[in-house]
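As the structure is a computational prediction, the values presented were derived from the model and not from experiment.
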Amino acid sequence: MEFSGESVLVTGANRGIGRAIALLLAGYSHKGGQRLKVWINYRNRHEEADALKVEIEKLGGRVALIKFDVTSEEQFVEGIKTIVASDGGLSYLVNNAGIVLDKLAVRMKTEEFRHVLETNLTSVFVGCREALKVMSKQRFGSVVNIASVIAERGNMGQTNYAASKGGMVAMSKSFAYEGALRNVRFNCITPGFIDTDMTALGEDVKESYLKNIPLARLGQPAEVAGAVAFLLSDLSSYITGETLKVNGGLYM
Ligand code: NDP
């Protein structure tokens, strides 16, 4: 896979899917010959982020840590400014950080609904907007937003999460229109059930999920990372406003 750009920011990259994305991207080179530089965002688990940095460095990758909470607009904006000041630009952004706060709607407080929207959707708006400013000037960039199969099919106990991820898919298409004029692409991935802390389920619950997955297993974080790499890379240069399912056939 070829990458015309040089640097990528992955939010929430200290563990789970974000970690796998950072690790995979760090192995690729951009057209200039050097490895892609990966900025690992984390909010407070410094040890995890630093361990990933060390792992990538051992593999010969270029990596830096950038600490901010995506729900803080000020911190997110500053984070991107720091990267641009260091590298002279930002080629790619992966909005991966996200949370769940599951409850049946009748028991969900409005504050719990808002909290998930703030974390999963408003932060992605801020990230996309700031990236678009930088990437428009460069006349180059690619952004991948990690949504969810729940955006496509909804789920019991996830009205807040479904709203945030469904909003992300629709918003990304609107960003795709605005970015297209400046050669900046925006795409989404909708993972199914991926084996991370977020889906630490009891065996009985897991069994019931597996019945509905044609590939009959949970996905691995690296399998989402592969799709992210494709959507960032030059291989997908004519793809924008798309939503790519990575769900083992759970929702077709
Ligand atoms: P994890 O819970 O394993 O990891 C979530 C990551 O997001 C952590 O690094 C976490 O940081 C970070 N994060 C959360 N809130 C913030 C914040 N305010 N600021 C900065 N970082 C934050 O989840 P996954 O890896 O499973 O999920 C990654 C993404 O993929 C999420 O957007 C999720 O919705 C989506 N997804 C996951 C699926 C799955 O089955 N696992 C399926 C579909 C979509 P910290 O360690 O500090 O908490």
Side-chain angles (χ1 to χ4, degrees), residues 1-13 17-18 20-22 24-26 28 30-31 36-41 64 66 68 70-71 73 75-84 87-98 119-148 151 164-191 224-246:
M1 254 188 276
E2 283 214 309
F3 290 82
S4 290
E6 295 184 32
S7 61
V8 56
L9 166 61
V10 185
T11 66
I17 293 171
I21 293 168
L24 184 72
L25 292 176
Y28 288 107
H30 71 83
K31 271 182 175 167
L36 279 179
K37 179 169 173 187
V38 180
W39 288 85
I40 295 172
N41 161 252
I66 183 107
F68 62 85
V70 296
T71 60
E73 175 168 10
Q75 289 180 26
F76 207 150
V77 170
E78 272 311 305
I80 290 188
K81 275 190 185 153
T82 302
I83 294 172
V84 172
D87 294 356
L90 175 67
S91 316
Y92 308 110
L93 168 65
V94 183
N95 283 305
N96 164 79
T119 307
N120 294 0
L121 183 60
T122 309
S123 73
V124 175
F125 166 71
V126 170
C128 287
R129 183 191 66 200
E130 296 308 305
L132 181 55
K133 287 180 193 167
V134 175
M135 293 171 182
S136 289
K137 282 189 198 143
Q138 300 166 175
R139 297 288 195 271
F140 178 83
S142 179
V143 176
V144 173
N145 295 327
I146 308 297
S148 167
S164 71
K165 296 298 188 176
M168 186 191 282
V169 170
M171 183 179 74
S172 301
K173 292 178 186 174
S174 301
F175 267 110
Y177 278 110
E178 297 193 18
L181 303 168
R182 299 281 186 276
N183 192 32
V184 183
R185 299 184 294 115
F186 289 84
N187 291 291
C188 276
I189 288 178
T190 49
V224 178
V228 172
F230 166 69
L231 285 177
L232 294 179
S233 79
D234 297 355
L235 273 184
S236 63
S237 52
Y238 201 53
I239 300 177
T240 194
E242 187 52 88
T243 303
L244 179 56
K245 298 181 182 73
V246 182

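- Phe186 is linked by a ring pair (Phe, Tyr, Trp, His ring centres under 6.0 Å) to Phe175, counting only residues two or more places apart in sequence or in another chain.
- Remark: Arg182 pairs with no residue by the side chain to side chain donor-acceptor pair (under 3.5 Å) rule, at least two apart or across chains.
- Remark: Tyr177 engages no residue in a ring pair (Phe, Tyr, Trp, His ring centres under 6.0 Å) (not counting sequence neighbours).
- Side chain of Thr11 to main chain of Asn96: a donor-acceptor pair is present (N/O by atom type, distance under 3.5 Å, no hydrogens or angles).
- Listed for the Asn145 side chain is no donor-acceptor partner under 3.5 Å among the backbone atoms of Met168.
- Minimum heavy-atom separation, Val169 to Ala147: CG2-CB, 3.8 Å.
- Here the shortest heavy-atom pairing between Ala225 and Ala20 reads CB-O, 3.6 Å.
- The side-chain heavy atoms of Ile239 and Phe230, taken from C-beta on, include a pair separated by under 4.5 Å.
- A side-chain donor-acceptor contact under 3.5 Å links Ser91 to the backbone of Ser7.
- Between Phe3 and Tyr28, the ring planes lie tilted relative to each other; the angle falls in the 30° to 60° range.
- Between the side chain of Asn41 and the main chain of Gly12, a donor-acceptor pair closer than 3.5 Å is present.
- Under the side-chain contact (heavy atoms from CB on, under 4.5 Å) criterion, Glu130 pairs with Val77, Ile80, Val126, Lys133, not counting sequence neighbours.
- A donor-acceptor distance shorter than 3.5 angstrom exists from the side chain of Ser236 to the backbone of Leu231, with no hydrogens or angles considered.
- With sequence neighbours excluded, the residues forming a salt bridge (Lys or Arg N to Asp or Glu O under 4.0 Å) with Lys37 are Asp87, listed by chain and number.
- Among residues two or more places apart in sequence or in another chain, the side chain to side chain donor-acceptor pair (under 3.5 Å) test is passed with Thr190 by Glu152.
- Residue Val8 is tested with Val94, Leu93, Ile21, Val228 for a side chain to side chain contact (heavy atoms under 4.5 Å, CB included); the sole match is Val94.
- Between Met1 and Ser233, the shortest heavy-atom contact is SD-OG, 3.5 Å.
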Arg129 vs Glu178, test: salt bridge (charged side-chain N to carboxylate O under 4.0 Å, His left out). Steps then yes/no. CA-CA 10 Å; Arg129 183 191 66 200; Glu178 297 193 18; over 6 Å; no
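- Judged by distance alone, the side chain of Asn187 and the main-chain N or O of Gly241 form a donor-acceptor pair under 3.5 Å.
- Contact between Val143 and Cys128 at its shortest, heavy atoms only, is CG1-SG, 4.1 Å.
- Between Phe68 and Phe76, the angle of the ring planes lies from 30° to 60°, which puts this pair in the tilted group.
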